[in-house]
Q: 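Got a structure here, written out as structure tokens. Questions coming.
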Amino acid sequence: MKRAFALCDVNNCYVSCERAFDPSLIGKPVVVLSNNDGCVVARSAEVKALGVEMGTPFFQLRELAEQHGIIALSSNYRLYAEMSNRFMSILGDFVTHEEQEVYSIDESFLDLTAYQQLYDLESYAKQIRARVQKWIELPISVGIGSTKTLSKLANHWSKKHSQFNGVCNINDMDEATLHRRMKRTEVNEVWGIGRQLSKQLAAQGIITVFDLARSNPLEMQKRYSVVMSRTIKELNGVCCIELETVTPVKKQIVSSRSFGELVTTIEPLEQAMRYYVRTAVSKLRKDGSVCAVMTVFIRTNPFRSQDPQYYKSVSFRFPVATDDLLVMSKVAVRSLKQIFKTGYKYKKAGVIFSELQPTSSVTLDLFSIADIDEKRERLIVALESVVDKFGKHAVKLGSVDSKGATWEMNCENRSPNYLSNWDELPLVY
DNA sequence: TCTGGGGTCCTAGGACCC
DNA sequence: TCTGGGGTCCTAGGACCC
């Protein structure tokens, strides 16, 4: 039986999320901007129609924005994450857990193979679409094909051509139509073919999706890579990329930011490093991992060609994989001192945790409340419940955020008893 | 004059994705 | 003047070890 993958994604995701909460934005040209309001990371249809590309620096757009009354919003990732969860869970009502892959914040692959006999897939997809629209007011598109790569392509067409009404099923398309569409679509629309590869392919005479689909996967594998040959096979309906229903364990955690203004001294970089380590550690703990290698990097602004450029990173391997905020902060600052050079204007810095391993320890993210006494109460309650579960030897106090935004407690079976008396809890900032 | 080979770790960089 | 952040995979060269 022919496989049937569906790719469902939210149109103009961040803009649509904003519109769901502020309907006055509907019908108006809207963009959502990245950190520091630097780049455009989402565009409404009206803005796309003006020819604004993804990732355009906002300052290049000021004039156009004024002319057309473009509304620019700073991004609100909490909101988008929340909407994403709801979106995914609605999709989950239409398939089993093993038939859904959450691919990104706004995209999910569904394996609809088993539903072909029960339903007309196009109307099934339309039901999904209607429910998402009704329940959370997000517009979505659905592409269906016999491989993930084809479903991506179908999804692209579903958006590009209004006659599809947001649902395009390649499996129902006759071959002549499919080929005609492939001939009219540029190769860079294919999943896995980016800017650079498109250039190289063009030099080889491969311009359209059809050209690529007709090329010889073996020869192309020699010239490019195994990834390329898989893409070609997938375009021909040979399934090489399976649905991934269990989210693979992360291999690295990155925490980095660009600075609003250029930094020339080490102090603000130190501050930033401590912050990066804190956010990365809290992700690490959420994943239940510890980290064996930490990389610290700093860089100048590559767009300022008038300035001398500097990029430097350094890695540190911990003797024992860890999630200890204090130790990691110290190492990060020391690493920074190692690579910092005066005379440069720094634009960006960050930390990368790699060689992550699962840990047996339990971490609780406990507090984000203002009242200190209440915090103390809740900390004690939480500690007692941990002691009940693991015994008193299991408790080790983790780090405490200096600003008091989050309290974290690391309860680790292997660690010695750090805690002999509840009254000794370090509750002072 | 003639300058091993294999393995690992680290750094750097290039490509792609969202 | 102003150019995001978080991921994956792959390759290659130098340092260092045996």
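Numbers restart at 1 for each chain; the letters A, B, ... are given by sequence-line order, proteins then strands.
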Q: Describe the nucleic acid contact of A:V227 in one word from base, sugar-phosphate, nothing, applying a heavy-atom distance below 4.0 Å.
A: nothing

Q: Ignoring hydrogens and angles, state whether a donor on the side chain of A:T149 or A:E234 is under 3.5 Å from an acceptor on the partner side chain.
A: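 Side-chain D/A pair, A:T149 to A:E234: present.
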
Q: Taking for each residue the nucleotide of DNA chain C bearing the nearest heavy atom, is the 5' side occupied by A:K348 or by A:K251?
A: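 Closer to the 5' end of DNA chain C: A:K348.
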
Q: Kindly say if A:S315 contacts the phosphate of B:dC10, meaning a side-chain N or O under 4.0 Å from OP1 or OP2.
A: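 Checking A:S315 against B:dC10: no side-chain N or O falls below 4.0 Å of OP1 or OP2.
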
Q: What is the separation between atom CZ on A:R257 and atom C1' on C:dT3, rounded to the nearest whole Å?
A: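 It is 16 Å, rounded to the nearest whole Å.
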
Q: Which nucleotide, in any strand shown, forms a Watson-Crick or G-U wobble pair with B:dG14, with both distances under 3.5 Å?
A: C:dC9

Q: If we count only N and O atoms by modelled type, under 3.5 Å, do the side chains of A:E99 and A:T96 hold a donor and an acceptor together?
A: yes

Q: For a quick test of reading the model: is some side-chain N or O of A:N36 closer than 4.0 Å to OP1 or OP2 of C:dG4?
A: no

Q: Expressed as a whole number of angstroms, how long is the span from A:L284:CG to C:dG6:P?
A: 15 Å

Q: Side chain of A:D106 only, heavy atoms from C-beta on: which candidate in C:dG6, B:dT11, B:dC18 is closest?
A: B:dC18

Q: What is the distance from CG of A:L356 to C1' of C:dG6, rounded to the nearest Å?
A: 13 Å

Q: Does A:K341 count as lying over the ring of A:Y310, i.e. NZ or CZ under 6.0 Å from the six-ring centre, within 45 degrees of the axis?
A: no

Q: Just compare B:dC18, C:dG4, C:dG6 and give me whichever is closest to any side-chain atom of A:E107.
A: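 When the side chain of A:E107 is considered, B:dC18 is the closest of B:dC18, C:dG4, C:dG6.
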
Q: Can A:K183 be said to sit on top of A:F210's aromatic six-ring, NZ or CZ under 6.0 Å from centre and within 45° of the ring axis?
A: yes

Q: B:dC17 phosphate, OP1 or OP2: any side-chain N/O from A:K152 under 4.0 angstrom?
A: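 A:K152 to B:dC17 OP1/OP2: no side-chain N or O under 4.0 Å.
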
Q: Can you tell me if the side-chain N/O atoms of A:R317 get under 4.0 Å from OP1 or OP2 in B:dC10?
A: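 Yes, because at least one side-chain N or O of A:R317 sits under 4.0 Å from OP1 or OP2 of B:dC10.
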
Q: Look at the side chain of A:W191 and decide which nucleotide, out of B:dC16, C:dG7, B:dC18, has an atom nearest to it.
A: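 Output: B:dC18.
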
Q: Take atom CD of A:E355 and atom P of C:dT8, then tell me their distance rounded to the nearest Å.
A: 13 Å

Q: Tell me if the CD atom of A:Q163 is crowded by more than 12 foreign heavy atoms within 6.0 Å.
A: yes

Q: What's the closest nucleotide to the A:Y311 side chain, out of C:dC2, B:dC16, B:dG13?
A: B:dG13

Q: Below 4.0 angstrom from OP1 or OP2 of C:dG7, is there any side-chain N or O of A:K250?
A: yes

Q: Where the side chain of A:K283 is defined as all heavy atoms beyond and including C-beta, which of B:dT11, C:dG5, C:dG7 is the nearest nucleotide?
A: C:dG7

Q: Can a side chain N or O of A:S313 be found less than 4.0 Å away from OP1 or OP2 on B:dA12?
A: yes

Q: Which part of the nucleic acid, if any, lies within contact of A:Q252, taking any heavy atom under 4.0 Å across all strands shown: a base, the sugar-phosphate backbone alone, or nothing?
A: base

Q: Identify the heavy atoms of A:L33 and A:A72 that sit nearest to each other, and give their distance.
A: CD1-CB, 3.9 Å

Q: Report the distance from atom CD of A:Q200 to atom C1' of B:dG14, rounded to the nearest whole Å.
A: 11 Å

Q: Across the strands shown, which category fits A:I253 at heavy-atom distances under 4.0 angstrom: base, sugar-phosphate, nothing?
A: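 If one applies the 4.0 Å heavy-atom cut-off, A:I253 turns out to touch the sugar-phosphate alone, with no base involved.
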
Q: Within the structure shown, what part of the strands sits under 4.0 Å from A:L197 by heavy-atom distance: base, sugar-phosphate, or nothing?
A: sugar-phosphate

Q: Provide, to the nearest angstrom, the distance between the OH atom belonging to A:Y77 and the P atom belonging to C:dG6.
A: 9 Å

Q: Whole-Å distance between B:dC17 P and A:N155 CG?
A: 14 Å

Q: Roughly, in whole Å, what's the span from CD1 in A:I193 to C1' in C:dC9?
A: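 That distance rounds to 15 Å.
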
Q: Hey, does the side chain of A:T113 reach the backbone of A:A4 with a donor-acceptor pair shorter than 3.5 angstrom?
A: yes

Q: C:dG14 and B:dG4: how far apart are their P atoms, nearest whole angstrom?
A: 15 Å

Q: Considering just the side-chain nitrogens and oxygens of A:R304, establish if one lies under 4.0 Å of OP1 or OP2 belonging to C:dC2.
A: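 Checking A:R304 against C:dC2: at least one side-chain N or O falls below 4.0 Å of OP1 or OP2.
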
Q: Taking any heavy-atom pair under 4.0 Å as a contact, classify A:Y103: base, sugar-phosphate, or nothing.
A: sugar-phosphate

Q: Between B:dA12 and A:K312, is there an OP1 or OP2 to side-chain N/O distance shorter than 4.0 Å?
A: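 It does, given that an N or O in the side chain of A:K312 lies less than 4.0 Å from OP1 or OP2 of B:dA12.
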
Q: For A:D37, report the nucleic acid contact type (base, sugar-phosphate, nothing); a contact means any heavy atom under 4.0 Å.
A: nothing

Q: So A:S255, base contact, sugar-phosphate only, or nothing? Heavy-atom distance under 4.0 Å.
A: sugar-phosphate

